[in-house]
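Only a predicted model underlies this, so the values are computations on that prediction, with no experimental measurement involved. Order of the sequence lines sets the chain letters (A, B, ...), proteins ahead of strands, with each chain counted from 1. The figures that follow rest on heavy atoms only: side chains count, while hydrogens, waters and symmetry mates do not.
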Amino acid sequence: MYAKVIIDIKHEDVNRFFDYIIPQKYEDFLERGMRVLVPFGKQTRMGYVTEIITESLDATKEILEVLDVIPSINEELFSLMNYIKNHVPALYSSIFSTVIPSELAVNYTKVVEMVKPELVPDDLKPYFNKKGIWRLKRKDQVYYPRLKKLRDSKDQEIIKIKTVIKEKGTTKTDKTYTYNQNHHYKRIYHYEIVIDLFNMKKEYTRKELTDQGLTASNINTLVKNQVLFEQEKDVFREIEHQFDLSDKKVVLTDEQQNVVNQIVNSLDKQETFLLKGITGSGKTEVYLEVISKVIEQNKQVLVLVPEITLVAQMAKRLKSRFDDVAIYHSALSSGERFDQYKKIQSGKASIVLGTRSAVFLPMEDLGLVIIDEEHDDSYIQKEQVIYDAVEIALERAKHHQIPVLLGSATPSITSMYEAMNNRFTLLELTKRPLNLEIPTIQYVDMRLELEKNNTSIFSKTLLDAMKKRIEMKEQTILLFNRKGYAPFVLCRACGDVPQCPHCDISLTYYKEKKSLKCHYCGYEKPFDNTCSVCNASKVKEVGTGIEYVEQVLKKQMPKARVLRMDKNATRIKGSHEIIWNNFLNEEADILLGTQMIAKGLDFPKVTLVGVLMADLLLKVPSYKSTENAYMLLAQVTGRSGRFYPGEAIIQGYDIGHFAIKSVNQTYETFYQEALYNRKLMNYPPFKNTSQILISGESYLKTYQRAFMLKKALSSLSCDVLGPSQALITKIKDYYRFTITLKYETIEKQELFDLLEAHEFDDIKIRYFPYLDIV
DNA sequence: CTCTGAAGGTAA
DNA sequence: TACCTTCAGAGT
């Protein structure tokens, strides 16, 4: 028997199947989908078995080791991988690492050993430890060519180089102790506490014993004299959450109950439900009720939320009502993630909650997929192997013949269109259970403020409203979205803005580091207020980064306690939970943040939401920017007055745009207008769109190649637009052009072949299945 | 990706 | 002739 194997190297040259002989001992054991170690050239590499075959003309070497007991890739996952393969051009190995947890990959570490230390050059010696061993780190790779030369130096072996393969995912073990009733240790009277302890409980961990005052040497003595038996036990790394939220089992409103009934009636068939419920209408209660019905049928539920910040609160509510909830997202520690994965793989989780990447988790008895905030852009993976988790979820539903529940207050245009055409089943929640009014929304035109000589970023209206909240001991949420906008510096004398020498983009100003940095290539130089063009010492920062907003806020409202929540403030694991907890406990009056504050915990005391520079959202160059802007505004204003009547104030320079105006009206108003625009421009849902990026070092050659590609593409049944300069015309010294495709259906494989045929040494071509990623 | 061996260069 | 760098090709 033979196995077809994909090697875990992400490179065009090895992007194909390799056949290996299955050794006798693995014949009955090895299955498709298992990870194996195989000899590959001079190396040993990890690979994935994709097929077991009876004949092979190529196989010459044997599989060395099998790393799995249950296949890491099950049949369903194979079909999802196939789906991805048909939608984006990607290397096999990349697709594998996209759909499985990184803990299933292996580490290759090069270990160098001195054989003749006296011949090792002095400058390399400090890297070796006492035993003459050096484990090469990433940064040590530069020495590798020299080391290879030392190894190969003729007649004498100066050093040895080995590659050590280690599995990334590891099980955590703890030493536990039990008491031996039949020991013969005479000095046991020194350890009365031990006898007492083991009278209460049979087994203790090492930590529990030391907490009781026993020292490490105490324990070792007792083990040596066979009073205690020591054993290794696996520990499960439990995930803890900062705040406390329990699910009070509420009585569903008629409206909610209706929706639940409809879904429950279709649990045994494939159907996509779009649950459209205004903010505060209790979508989560519906989810919980439906989940309980699925679990009654002994099936599993997959729940997806768009952002890590939303996992904790959903987890709390799920855990307070159900057992066996597993959690999976990229911010877990590697160990936690591995344990959660193992729990899910072994079928011990009845509910799996996670972000985008959780859509690939193995669940044999899947009965329902819930996607909360389905309109959210974060469900689309925009790097490496690009995919849309919502699409993947729909594929899984097809595989299991089960329903998918998409929930949102503001469904994406495409989902709503599907619902309107009866491909999705539309369910609606139109009332807030507590019968609370939707917050009143007020618009402030900042141009008028300017005329009144108010040059601050806060209008008088907003300032007054915030002051009032502080007096009333109520809270405010302030949204300032930095997207599409970063602080930069400008010479007030000649107007020069320092650019990156390798990319076509202005350098971003970092106040704390007093430096200018390029977002794309990492180029960095110290900030200097002397202009490099006109030599005047007039270079100053422009702008309104969120830190700047915070400063102004503190200056204008010295009494206000302000919490800031942005990427920077939430870098450390668990910090966003702490911020939310603090705000919930009313340790601050104002929560200032980027779009990550738009969703999340309900804060009862929030009665005011302020949006700064709302029109900034529309400046993002994307056909979806109006949709995204409207949804963010609707989302964040809905956070006001969840328990008491609330209001929202939207500030901007260009607030007349329909995406901003519609926030004050119904979703339908917005949907109609947006849909009309999409129709006009041939954008989704009317036509599918994708984008091709052509990049190269020579401006002219790249443009020529792009043009040739355009000509070739016209043979396909689609509209070809461009080539035009990409939004960022140069990155890392490579010029960039884009071609946009609009089509109803397209033969993807044919397209990919065409693209591949147009790749040249100096021209790179990348394909993006969704628009606006480039 | 990592290794190898051939080709073509340089120094003695 | 010995030794180097560079580059294409192979890996089952």
Can you establish whether the number of heavy atoms outside Lys168(A) located under 6.0 Å from its atom NZ is more than 12? yes
Taken in chain and number order and not counting sequence neighbours, the residues that satisfy ring-ring contact (aromatic ring centres under 6.0 Å, His included) with Phe236(A) are none
With distance as the sole test, does Gln340(A) use its side chain to make a donor-acceptor pair with the main-chain N or O of Ile327(A) at under 3.5 Å? yes
Between P on dC4(C) and NZ on Lys148(A), what's the gap in Å once rounded to a whole number? 14 Å
Is the closest side-chain donor-acceptor distance between Arg45(A) and Tyr108(A) under 3.5 Å? yes
Mind checking if Tyr144(A) touches a base, just sugar-phosphate, or nothing, with heavy atoms under 4.0 Å? sugar-phosphate
By ring-ring contact (aromatic ring centres under 6.0 Å, His included), Phe360(A) pairs with (sequence neighbours left out) Tyr387(A)
Taking only Lys NZ, Arg NE, NH1 and NH2, and the carboxylate oxygens of Asp or Glu, determine whether Arg135(A) and Asp140(A) approach each other closer than 4.0 Å. no
What integer distance in Å separates Ile21(A):CD1 from dT12(C):P? 11 Å
Output all residues satisfying side chain to side chain contact (heavy atoms under 4.5 Å, CB included) with Ser330(A), sequence neighbours left out; order by chain, then residue number. Ile308(A)
How would you give the extent of chain A contacts on DNA chain B, as first and last nucleotide 5' to 3' within a 4.0 Å heavy-atom cut-off? dC1(B) to dT4(B)
Test side chain to side chain donor-acceptor pair (under 3.5 Å) applied to Ser56(A) - qualifying residues, sequence neighbours left out: Asp19(A)
In whole Å, what is the span from the CG atom of Asn15(A) to the P atom of dG11(C)? 16 Å
Given atom CG of Leu91(A) and atom P of dG11(C), what is their separation to the nearest angstrom? 19 Å
Which label fits Phe18(A) and Phe40(A): parallel for a plane angle under 30°, tilted from 30 to 60°, or perpendicular past 60°? perpendicular
Which pairs, protein N/O on one side and nucleotides 5-10 of chain C N/O on the other, fall under 3.5 Å?
residue: dT5(C); atom: OP2; partner: Lys149(A); partner atom: NZ; Å: 3.3

So what does Tyr20(A) hit on the nucleic acid, given a heavy-atom distance under 4.0 Å: a base, only sugar-phosphate, or nothing? sugar-phosphate
How close or far is atom P of dG11(C) from atom CZ of Phe17(A), stated in whole angstroms? 18 Å
In whole Å, I'd like the distance from the CD1 atom of Ile22(A) to the C1' atom of dT12(C). 13 Å
